2 protein chains.
Amino acid sequence: MHETTRSPQGHPFGPLHIAEVLQLVQASVPIQRRLVRADDVVIHAGQPFANLYIVNTGFYKLVSLSGEGREQVVGLHFKGDWMGLDGIAGGHYGSEAVALDTGEIWAVSYEALLQAAMSTPALLVAMHSAMSRELVRDHEALLSLCTLPADARVAGFLRYWAAALEQRGLRTDHVTLRMSRAEIGNYLGMTLETVSRALSRMARGEVIHFAEKGRREIHIPQVQALTSFIQDVCATPVGAATLR
Amino acid sequence: MHETTRSPQGHPFGPLHIAEVLQLVQASVPIQRRLVRADDVVIHAGQPFANLYIVNTGFYKLVSLSGEGREQVVGLHFKGDWMGLDGIAGGHYGSEAVALDTGEIWAVSYEALLQAAMSTPALLVAMHSAMSRELVRDHEALLSLCTLPADARVAGFLRYWAAALEQRGLRTDHVTLRMSRAEIGNYLGMTLETVSRALSRMARGEVIHFAEKGRREIHIPQVQALTSFIQDVCATPVGAATLR
DNA sequence: CGGGCATTTGAAGCAGATCAATTACTGTGG
DNA sequence: CCACAGTAATTGATCTGCTTCAAATGCCCG
């Protein structure tokens, strides 16, 4: 989306590539590695804040729990993303981080990070960029949620996932969703049936194709088609208050 | 909500009170003050990132613009809040900051902030806390948006606004909304008519009262009643996918 | 005092939720 | 390797909360 995949060598304050950030962290602070499998809980909501977690491999969802038992997927995280950032302010993690498949995450002490930042400002900027990116992403999610109809949100979800893969140098034509229809629906603010219908509609429109077995393998001939699909759907726009 | 209004003197790494953060910033970095009036644009989306903005007085909304002209209020900001944080990652501000009435905002250079942070770690933690708080808030907004029916979201909005005022030592029984029904609706993902009806319903239920003239002055006898109202409404729950 | 905008309120329509039933896939034990 | 149980996904029919459309009222400001 933006030009975040640049900076070959990278001067101290410029934006770093995902791999460069991982190297930088590795070189600056002690890291505790942890291998996880699907459904492993990496961060428990409510636990005292101490570490930040950086995704080395795998896919993760962030889940917010309300007091009354409502739960909400509030974010997805890929290689190079930081997790646990919402714990800095209150001293406790604000949401659960759950692995969507096997992977490796790095735990680094926030205190150690602050220390290291004194001598390595680039580390600080990398962390700030991670937080900033998450804010931007949250705002995009909010925008999509409030202004797009269900079908467009599902298409936007696929596009987002594909973009995340592409940014990390992975192929985007064959995508394996790591989430059930229910999880996707929860993230997008709709029911699992609506997700299913949206996907069926996209498949019928040749925007995506399902792999022979298993409805979670999705073939996306051209990501750009998702964008057109979104715009098509929005010819009949949704009705939330338009400003002024 | 949390115990964020503590720390009388405040050791370097503990959470600071809003006024303490403002003092700290003032003592550590050069500040450019700006007086604004309602509808003044403090930050223009897309402009090159350079400064962070701290609210000294007034109320502000953050608006995200999509390429296709959709716009979405993604946040509200009060005294002590930082704005422009979404610009760090991409080098450009991601949303417009618009004043909702008169106030004073402080512009501080991000570079200067990084410099000052070297000698004043507390400043860094204050900034991180601000970002972290915004992430938490975004997640709360998402949760509310996806799991609560319209009436509950409006009540939650009032409760949020009252809590923000209380945290800043202001009275919460008489609240003056600085936003139109359309703005509120946009923020909450519903139409202005639905906002109006929700408020009417709350007034009918004695949860709030309107001041004699001007439907933006709202009397909230007891903030706690808003919470009960939300739970009442949720007896008939909304249907977004529940996880697993 | 009057024009223009914000808000309220009512009536009707619809996108998406809910309910329900079938099909497809995954893992497990024989 | 196959049968079977349990879960995930699809698809259809119906229902409903919220949007849309419409109209009246109230309020601010020149």
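Order of the sequence lines sets the chain letters (A, B, ...), proteins ahead of strands, with each chain counted from 1. Keep in mind that what you see is a predicted model, and the values were worked out from it rather than measured.
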Notebook entry, point to check: Between D/dT10 atom P and A/Met190 atom CE, what is the distance in whole Å?
Noted result: 14 Å
Checklist line | A/Phe229 side chain reached by A/Gln224 side chain, heavy atoms, under 4.5 Å | finding: no
Notebook entry, point to check: Considering only heavy atoms from C-beta outward, does the side chain of A/Glu134 approach that of A/Leu62 to under 4.5 Å?
Noted result: yes
Next item on the list: With heavy atoms under 4.0 Å as the rule, sort A/Arg216 into base, sugar-phosphate or nothing.
Entry: sugar-phosphate
Notebook entry, point to check: For B/Ile208 and C/dT7, what is the distance between atoms CD1 and P respectively, to the nearest whole Å?
Noted result: 13 Å
Notebook entry, point to check: Which whole-number value in Å describes the distance from B/Glu217 CD to C/dA6 P?
Noted result: 17 Å
Notebook entry, point to check: B/Arg215 side chain N/O closer than 4.0 Å to the phosphate oxygens (OP1, OP2) of D/dC27?
Noted result: yes
Next item on the list: For A/Arg37 and A/Ala99, work out which heavy atoms get closest and say how close.
Entry: O-CB, 3.5 Å
Item checked: Rounded interatomic separation in angstrom, taking CD1 from B/Ile184 and C1' from C/dT8 -> 14 Å
Check: Nearest-Å distance, CG (B/Asp151) to P (D/dT16)?
Finding: 17 Å
Notebook entry, point to check: Do the side chain of A/Arg181 and the base of D/dT7 come within less than 3.5 angstrom through a donor-acceptor pair of N or O atoms?
Noted result: no
Notebook entry, point to check: Roughly, in whole Å, what's the span from CZ in B/Phe210 to C1' in C/dA6?
Noted result: 12 Å
Next item on the list: Please report, rounded to the nearest Å, how far the P atom of D/dA8 is from the CE atom of A/Met179.
Entry: 14 Å
Margin query: Between A/Arg201 and B/Leu199, which residue's closest nucleotide on DNA chain C lies nearer the 5′ terminus?
Written below: B/Leu199
Notebook entry, point to check: Which value, rounded to the nearest 0.5 Å, describes the distance between B/Leu199 atom CG and B/Ile218 atom CD1?
Noted result: 5.0 Å
Checklist line | Upstream residue (5' side of DNA chain C) when A/Glu193 and A/Arg153 are each assigned their closest nucleotide | finding: A/Arg153
Item checked: Any A/Ser200 side-chain N or O less than 4.0 Å from OP1/OP2 of D/dT11 -> yes
Note to self: Categorize B/Thr194 for me: base, sugar-phosphate, or nothing, with a 4.0 angstrom heavy-atom threshold over every strand shown.
What the structure shows: base
Notebook entry, point to check: Below 4.0 angstrom from OP1 or OP2 of D/dA8, is there any side-chain N or O of A/Ser196?
Noted result: no
Next item on the list: Nearest 0.5 Å please: distance from the CG atom of B/Asp81 over to the CZ atom of B/Arg133.
Entry: 6.0 Å
Notebook entry, point to check: Any N or O donor-acceptor pair linking the side chain of B/Arg197 to the base of D/dG17 at under 3.5 Å?
Noted result: no
Check: Between the two end axes of the helix from C/dC1-D/dG30 to C/dG30-D/dC1, each built from 5 base pairs, what angle do you get to the nearest 10°?
Finding: 40°
Notebook entry, point to check: How close or far is atom P of D/dC18 from atom CG of B/Leu148, stated in whole angstroms?
Noted result: 11 Å
Margin query: With a 4.0 Å cut-off on N to O distance, would you call B/Glu183 and B/Lys61 a salt bridge?
Written below: yes
Notebook entry, point to check: So do the side chains of A/Phe78 and A/Thr57 get within less than 4.5 Å of each other, counting heavy atoms only?
Noted result: no
